[in-house]
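Chain A is the first sequence line, chain B the second, and so forth, proteins listed ahead of strands; every chain is numbered from 1. Not measured: the values here are computed from a predicted model.
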Amino acid sequence: MSANDVQPAIEGWYTMDAEHPHLLGSCCTRCGTYYFPKHISYCKNPACDSEQFDEVQLSRTGKIWSYTNACYKPPEPFVAADPFEPYAIAAVELEKEQMIILGQVVEGVAVEQLKVGQQMELVLQTLHMDGDIEKVSWKWKPRTGDET
Amino acid sequence: MSQDIAILGVGMHPWGKWGRNFVEYGVKAARDALADAEVDWRDVGFVSGGATMRNGYPGYVAGATFAQALGWQGAEVNTSYAACASGSQALAAARSKILSGACEVALVVGADTTPKGFLAPAGGYRPEDPDWVRFYLGITNPSYFALYARRRMDLYGDTEDDFGLVKVKNSEHGYTNPYARYRKKFTLEDVRQSAMVADPLRLLNICATSDGGAALVISSMDYAKKMGRGDAVRVAAISTVTPTFASSVVEMPDIATDSAAADGVDALRYRAAIPAKAYEEAGIGPEDINVAEVYDLSSAVELDWYEDLQLCARGDGAKMIRDGVTRLGGKVPVNPSGGLACFGEAVPAQALAQVCELTWQLRGEAGERQVQGASAGITANQGLFGHGSSVILKS
């Protein structure tokens with residue numbers, strides 16, 4: 001498959017760096033609050049009325065706040081493989097940004113292999129196929145060799 | 001000056017998957033509430049409806065829809081949409097009208113007809129809508145409930161069987177409730193054998209969506225006294241507070257929490273802030289509560305509610321269910337109606353159904369599910385987009 005066949009499932013939410021992808025967030029230039037997704041023109045900190053933001057790459061590692069899985073096929077707009085393959089979901093805390101970001105866990109990692117506090121890193125993986133086009137999304141992957 | 005109002009009448013349409021027009025359920029509940037109140041429909045000055053989003057325009061203007069169905073008689077109308085708190089917001093709007101002196105008696109109605117299966121977002125490609133995004137990524141409502149449940153297991157040592165005990169308790173409570181959809185006594189083994197949906201939650205740990213309708217007739221205390229109903233159950237508090245930035249718990253339908261990098265995490269998490277305001281408004285505390293109706297969207301989140309209602313210390317929820325404190329006959333029975341476990345959720349009607357149940361409990365009319373000597377009760381629920389509510393009733 002050529003590189004042209006790979007597209008982001010959601011345009012502009014993450015870098016398409018195959019090795020070290022980052023979620024794209026924004027940071028308020030006045031109070032320093034981070035946002036993901038970045039589409040924002042007003043700061044939601046009640047003590048700040050700034051409308052100026054820098055686009056920033058969010059930390060691509062964090063630790064598990066909690067986790068679960070999806071044993072049944074979700075409704076649309078989810079595009080399910082046929083047959084449906086269950087997948088794990090993780091809520092991961094980013095230390096610097098002090099926020100939790102949800103995402104699927106990479107294929108082949110089941111809930112039995114996850115623990116609260118476990119170190120995870122961000123990768124890109126297929127969310128679904130759209131004809132010949134591979135639509136990729138961010139997913140969380142256990143960091144190998146790390147102590148939890 | 002007392003801010004209390006009187007509940008003159010309550011009524012419900014049985015929960016189920018009837019597949020009929022939601023207006024039918026609302027009218028049945030409203031007529032039952034009016035009959036219970038002994039109030040003529042033409043004397044109602046304000047109709048406050050909880051909106052439904054799944055039934056087209058009549059659902060968006062539910063207050064007017066119910067008023068027309070009962071027969072236009074000139075009453076003013078209101079429609080509230082606040083996800084799971086819709087019924088409470090409709091009640092709060094009617095209470096404000098009464099306390100301002102603009103109306104003496106009001107009718108509050110919520111009813112819904114729900115589709116089968118997962119609640120799904122509106123269609124199209126809409127990445128600006130967090131509800132759309134999370135479904136696109138495959139994160140459904142049970143995913144969030146499961147994240148909270150797993151967190152309890154990790155932090156407090158709760159087990160899957162603790163969650164199962166909640167289901168068993170609620171199914172015993174709702175077994176004789178004529179308005180409940182599921183009237184079957186489930187065992188712990190039934191829960192263990194049911195299919196895993198979102199680990200650690202199984203099918204019998206997660207509430208379904210239902211059709212149903214609930215209604216209240218409320219009035220000023222003066223009006224109640226004039227009717228010889230000065231002893232009616234009272235609404236002592238309604239809380240519909242929103243979260244405080246930065247919220248540290250990932251909430252439906254968001255894909256991320258607030259960042260606390262600048263402002264720090266708010267000390268009181270949102271679910272705990274909802275009843276805290278109700279206690280303050282009613283001037284009573286958790287030690288005064290005899291009965292509670294809480295939103296058991298999952299059987300694990302019922303344990304969170306015990307702690308958020310301050311019925312026990314943080315982390316002690318599972319001990320409450322193990323020790324039988326929250327079952328009928330225990331110190332503080334929770335969900336004597338059977339809760340969402342026995343009802344399934346009919347969004348705009350559910351918060352009102354909680355109030356109906358507490359009214360029957362405080363009148364001593366709850367039959368086999370009666371909490372003996374109940375004189376103060378609290379409801380609690382939380383839904384999407386920063387909506388939640390808690391109502392305190394006193395006899």
Worksheet item: For the rings on B/H387 and B/Y270, is their centre-to-centre separation under 6.0 Å?
Response: no

Response to the item:
Assert top hit (heavy-atom pairs under 4.5 Å, partner chain B, pool A/E97, A/K139, A/E93) equals A/E97

Item to complete: Find the one option among B/V250, B/L137, B/D258 whose heavy-atom pairs under 4.5 Å with chain A are most numerous.
Response: B/L137

Worksheet item: With only heavy atoms counted, which part of A/A9 is less than 4.5 Å from chain B, the side chain, the backbone, both or neither?
Response: both

Practice prompt. Against chain A, work out which of B/A256, B/P200, B/A149, B/G138 has the most heavy-atom pairs shorter than 4.5 Å and name it.
Written response: B/G138

Fill in: CD/A/Q52: more than 12 non-hydrogen atoms of other groups inside 6.0 Å
no

Worksheet entry | Residue B/D154 versus chain A: region with a heavy atom under 4.5 Å | side chain

Worksheet item: Between A/E51 and A/R30, is a salt bridge (charged side-chain N to carboxylate O under 4.0 Å, His left out) present by the stated rule, with each step listed?
Response: CA-CA 9 Å; A/E51 296 175 355; A/R30 189 179 304 162; over 6 Å; no

Discussion item. Heavy-atom pairs under 4.5 Å with chain B - which of A/P86, A/P77, A/C71, A/C27 has more of them than the others?
Written reply: A/P77

Worksheet item: How about A/F78 and A/Y87: are their ring centres within less than 6.0 Å of each other?
Response: yes

Worksheet entry | Heavy atoms of other groups near B/K277 NZ, more than 12 under 6.0 Å | yes

Worksheet item: Taking the six-membered ring of B/Y156, is NZ or CZ of B/R314 closer than 6.0 Å to its centre and within 45° of its axis?
Response: no

Practice prompt. Check whether any side-chain N or O of B/S390 sits under 3.5 Å from a backbone N or O of B/A380 as a donor-acceptor pair, and report yes or no.
Written response: no

Worksheet item: Does anything in residues 99-109 of chain A get under 4.5 Å of chain B by heavy atoms, and if so which residues?
Response: A/M99, A/I100, A/I101, A/L102, A/G103, A/Q104

Item to complete: Determine, for B/D161 against B/R192, whether the closest basic-nitrogen to carboxylate-oxygen distance falls under 4.0 angstrom.
Response: yes

Practice prompt. Under the salt bridge (charged side-chain N to carboxylate O under 4.0 Å, His left out) rule, what do A/E121 and A/R143 come out as? Steps first, then yes or no, please.
Written response: CA-CA 6 Å; A/E121 72 172 316; A/R143 285 179 76 179; 5.5 Å; no

Response to the item:
Okay, B/F145 and chain A: the region with an atom under 4.5 Å from a heavy atom over there is neither

Worksheet item: With only heavy atoms counted, which part of A/W138 is less than 4.5 Å from chain B, the side chain, the backbone, both or neither?
Response: side chain

Worksheet item: Near A/Q57 CD, under 6.0 Å, is it more than 12 heavy atoms from other residues, nucleotides or ligands?
Response: yes

